[in-house]
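Note that the structure is predicted; figures quoted are calculated from it, not measured. Counting starts at 1 for both ligands and their atoms, in listed order. What you see below is based on every heavy atom in this structure, not just the backbone, and it leaves out hydrogens, waters and symmetry mates.
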Amino acid sequence: EKGGFPHFMLKEIFEQPECLTNCMRGRVNVDTDNVVLSAVIDYKKQLLDANRFIIVACGTSWHAGLIGKQMIEQLCRIPVEVEYASEFRYRNPVITSKDVVIAISQSGETADTLAAIQLAKEHGAFIYGICNAIGSSIPRATDTGSYIHVGPEIGVASTKAFTGQVTVLTMLALALAKEKGTISTENYMHVVKELHEIPNKIKTVLQLNDRIADLSRTFTYARNFLYLGRGFSYPVALEGALKLKEISYIHAEGYPAAEMKHGPIALIDSDMPVVVIATHNAMYEKVLSNIQEVKARKGKVIAIVSHDDNTISKIADEVIELPDTIECLEPLLTTIPLQLLAYHVAVCKGLDVDQPRNLAKSVTVE
Ligand code: F6R
């Protein structure tokens with residue numbers, strides 16, 4: 001049942017090219033340059049008339065929401081707020097019938113997310129679900145939605161559900177942007193083509209598995225890890241840190257790279273591994289200078305870079321080179337090595353990767 005893999009988690013990491021192909025099947029059509037989500041066709045008016053979107057979720061699904069926010073704001077010019085479902089539901093939040101609430105949940109059973117939906121419904125908001133488990137409680141409580149179609153996720157640490165959620169949010173942003181006229185035909189076609197290429201590029205990233213397994217051995221000693229990224233890579237940093245915490249029991253924190261100097265830099269010494277997402281995009285130079293600041297304090301830098309990077313490879317302790325893609329799709333590639341890093345560090349420490357202590361696959365109590 002693990003398909004020859006030692007753990008469900010590794011199997012599910014390796015399934016991602018196939019899962020994302022399934023997620024996009026019948027929805028992303030490169031020949032006609034089109035993205036079709038039935039929910040956007042059926043509920044076009046509710047979605048386009050919204051004053052704002054409010055994304056509610058927990059854990060990894062909340063991280064996917066942070067990426068969705070950037071995508072929807074950039075492509076559709078609709079304001080998006082991202083809320084922890086557990087905070088939102090108890091805050092007496094401002095919700096009106098002009099709001100669209102997007103609830104993201106792999107299991108479709110998370111108690112806080114379900115309660116946030118009920119609250120938003122009482123205030124007349126339109127509810128859109130992004131879920132994996134077919135027929136679970138959350139899809140049944142929503143007005144419409146899109147399944148991520150990545151198949152059952154067994155490993156407690158979420159992997160393929162995260163990339164599936166980001167893929168659905170990307171398709172949603174593209175479909176809405178086209179309807180709203182906020183994206184040029186040229187840019188739309190470019191993103192659609194690149195999105196279609198992502199499963200193949202993930203296959204290339206997965207070839208780094210042995211290399212990441214090797215370097216993971218070096219870091220099992222660590223008590224703390226820092227993960228840094230900016231823009232679309234900031235939520236990826238949070239997600240990388242969460243994966244490491246969950247399964248390796250190493251304390252890890254994700255930070256927007258520029259915030260480092262406002263506090264966390266005090267932690268950096270020669271024992272501190274710092275994972276930096278430093279791909280070739282608009283933020284590259286800024287992130288490069290953060291890496292120099294870490295190295296000046298003798299921190300150990302593990303850098304996730306673009307394939308043609310000759311600069312960071314000279315200063316970082318370890319570099320992981322990824323294929324290029326457009327900036328808004330980078331999370332679908334940069335997340336993969338961080339999943340593998342967390343997995344291998346935990347395996348090197350002899351831990352039960354599929355059943356980490358104190359964690360359950362779905363959190364049905366608040
Ligand atoms: C992380 C993880 C959890 C879940 C969170 C939400 O690997 O699995 O943080 O993401 O409990 O679960 P769902 O998406 O089922 O609502």
Side-chain angles (χ1 to χ4, degrees), residues 7-13 15-16 19 23 55-68 82-89 101-118 120 127-142 145-169 227 235-250 252-254 331 335-336 338-343 345-346 351-366:
H7 298 97
F8 282 110
M9 184 180 174
L10 192 62
K11 172 176 177 264
E12 288 163 0
I13 292 171
E15 268 171 7
Q16 288 176 105
C19 292
C23 177
I55 297 179
V56 295
C58 305
T60 287
S61 300
W62 184 80
H63 296 155
L66 293 177
I67 295 168
V82 189
E83 301 259 5
Y84 283 119
S86 57
E87 289 294 310
F88 179 77
R89 63 180 286 205
V101 167
I102 303 180
I104 309 177
S105 175
Q106 186 287 128
S107 63
E109 300 295 348
T110 301
D112 281 318
T113 309
L114 192 55
I117 291 172
Q118 307 298 10
I127 320 286
Y128 186 115
I130 296 178
C131 297
N132 191 35
I134 314 276
S136 53
S137 304
I138 291 174
R140 284 187 280 123
T142 55
S146 307
Y147 281 114
I148 62 174
H149 290 305
V150 299
E153 191 178 64
I154 312 288
V156 165
S158 187
T159 53
K160 62 179 183 173
F162 177 75
T163 46
Q165 290 161 346
V166 173
T167 302
V168 165
L169 287 160
Y227 285 72
V236 175
L238 296 180
E239 175 59 8
L242 179 63
K243 287 289 92 87
L244 191 76
K245 276 182 275 213
E246 285 185 291
I247 57 169
S248 77
Y249 315 145
I250 295 173
E253 276 194 78
T335 300
I336 313 290
L338 304 190
Q339 294 170 343
L340 289 169
L341 179 69
Y343 172 81
V345 170
L351 299 170
D352 183 351
V353 172
D354 284 334
Q355 292 292 331
R357 70 184 180 205
N358 309 342
L359 292 175
K361 184 61 187 163
S362 63
V363 184
T364 53
V365 291
E366 65 169 294

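Residues Glu153 and Thr159 share a closest heavy-atom pair of OE2-N, 2.9 Å. Shortest non-hydrogen contact noted between Leu66 and Leu238 is CD1-CD1, 3.6 Å.
Considering only non-hydrogen protein atoms, atom 5 (C) of ligand 1 sits nearest to Cys58 O, 3.7 Å. The protein non-hydrogen atom at the shortest distance from atom 11 (O) of ligand 1 is Val363 CG2, 4.0 Å. Nearest protein heavy-atom neighbour of atom 10 (O) of ligand 1: Thr60 N, 3.1 Å.
There is a side-chain donor-acceptor pair under 3.5 Å between Thr163 and Gln16. Glu239 and Thr60 share a side-chain donor-acceptor pair at under 3.5 Å.
Ligand-side atoms of ligand 1 in range of Ala157: 7 (O), range being under 4.0 angstrom from any heavy atom. For ligand 1, the atoms lying closer than 4.0 Å to a non-hydrogen atom of Lys243 are 1 (C), 7 (O). The contact set between ligand 1 and Ser105, taken as ligand atoms under 4.0 Å from a residue heavy atom, comprises 13 (P), 14 (O), 15 (O), 16 (O). Residue Thr110 approaches ligand 1 through these ligand atoms, each under 4.0 Å from one of its heavy atoms: 12 (O), 13 (P), 15 (O), 16 (O). Annotation for ligand 1: atoms under 4.0 Å from non-hydrogen atoms of Gln106 are 13 (P), 14 (O), 15 (O), 16 (O).
Of the N or O atoms in Ser61, one or more lie within a sub-3.5 Å distance of an N or O in ligand 1.
When heavy-atom distances to ligand 1 are checked against a 4.0 Å cut-off, Glu109 has no atom that comes that close, whether in backbone or side chain. Residue-level proximity to ligand 1 for Val156 is carried by the backbone, the only part with a heavy atom below 4.0 angstrom. Here Glu246 has side-chain heavy atoms under 4.0 Å from ligand 1, and that is the only part of it that gets that close.
Met9 places a side-chain heavy atom less than 4.5 Å from the side chain of Ile13. The side-chain heavy atoms of Val150 and Thr167, taken from C-beta on, include no pair separated by under 4.5 Å. Here the side chains of Trp62 and Pro235 are not in contact, with every heavy-atom distance at 4.5 Å or above.
For Lys160, the salt bridge (charged side-chain N to carboxylate O under 4.0 Å, His left out) partners at least two apart in sequence or on another chain are Glu15.
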